[in-house]
Amino acid sequence: MSRIEDTNSAAKSVREQGEQAVASGVQHAKDAVRNVGNNLRDVSDQAREKLDHLRESAGEYYETGRDKAREWEGELEEYVRDQPLKSLLIAAGVGMLLGVVWRRL
């Protein structure tokens, strides 16, 4: 009977070691999932910050471009008021040139 008891004892020891290994594996898996979740949150936060920064930069570029266009518009109006005949002749010449180019297409 001592061999049976030894075998049972060995089987019990192997089973306990297996259970411990499974428990350890489960804990490692839980830790890995938690780490992945934390990393995803960090990446998401960084992406959100970049997007906000890009949005802000795009808004600044838009405002700068709009201001520049308004400035050019004012300069053009002033030029037309100061030299109406010259402006009219330039506009007619550009119109004719565009008409010729367009007709060839």
Side-chain angles (χ1 to χ4, degrees):
M1 287 240 199
S2 118
R3 284 186 173 173
I4 292 175
E5 289 174 1
D6 288 343
T7 303
N8 285 341
S9 176
K12 184 177 180 182
S13 174
V14 168
R15 187 183 72 208
E16 288 173 355
Q17 289 175 354
E19 288 173 352
Q20 288 175 352
V22 168
S24 175
V26 168
Q27 186 59 42
H28 285 296
K30 286 180 181 179
D31 292 342
V33 167
R34 190 176 312 114
N35 288 337
V36 167
N38 289 338
N39 290 342
L40 286 175
R41 258 192 304 282
D42 292 345
V43 168
S44 174
D45 291 344
Q46 290 173 358
R48 192 172 294 113
E49 288 175 13
K50 277 288 190 190
L51 180 62
D52 290 343
H53 178 70
L54 289 173
R55 232 184 238 141
E56 186 176 309
S57 295
E60 290 172 4
Y61 284 126
Y62 174 77
E63 288 295 324
T64 301
R66 193 169 72 182
D67 292 344
K68 196 68 167 170
R70 285 181 181 160
E71 181 182 323
W72 288 345
E73 180 184 17
E75 290 173 4
L76 180 63
E77 285 178 6
E78 184 179 330
Y79 181 81
V80 169
R81 281 192 191 113
D82 291 344
Q83 301 182 14
L85 182 60
K86 190 175 182 180
S87 300
L88 183 63
L89 292 174
I90 290 173
V94 169
M96 285 179 58
L97 180 64
L98 288 175
V100 169
V101 169
W102 197 322
R103 189 175 237 184
R104 290 188 181 190
L105 295 176

How long is the straight-line distance from OG of Ser44 back to CG of Asn39, given to the nearest 0.5 Å? 12.0 Å
More than 12 heavy atoms of other residues, nucleotides or ligands under 6.0 Å from CZ of Arg66: is that the case? yes
Interatomic distance, CZ@Arg48 vs CZ@Arg55, rounded to 0.5 Å, equals 10.5 Å
For Val33, all residues meeting side chain to side chain contact (heavy atoms under 4.5 Å, CB included), sequence neighbours excluded: none
Does one side chain, of Gln46 or Asp42, offer a donor that lies under 3.5 Å from an acceptor on the other? no
Criterion side-chain contact (heavy atoms from CB on, under 4.5 Å) on Val26 and Lys30, from CA distance to verdict: CA-CA 6 Å; Val26 168; Lys30 286 180 181 179; 3.9 Å; yes
Taking distance alone, no hydrogens or angles, what donor-acceptor pairs closer than 3.5 Å link side-chain atoms of residues 73-100 to residues at least two apart or in another chain?
| unit_1 | atom_1 | unit_2 | atom_2 | d |
| --- | --- | --- | --- | --- |
| Tyr79 | OH | Gln83 | OE1 | 3.4 |
| Ser87 | OG | Gln83 | O | 2.7 |

Ser24 (side chain) donor-acceptor with Gln20 (main chain) under 3.5 angstrom: no
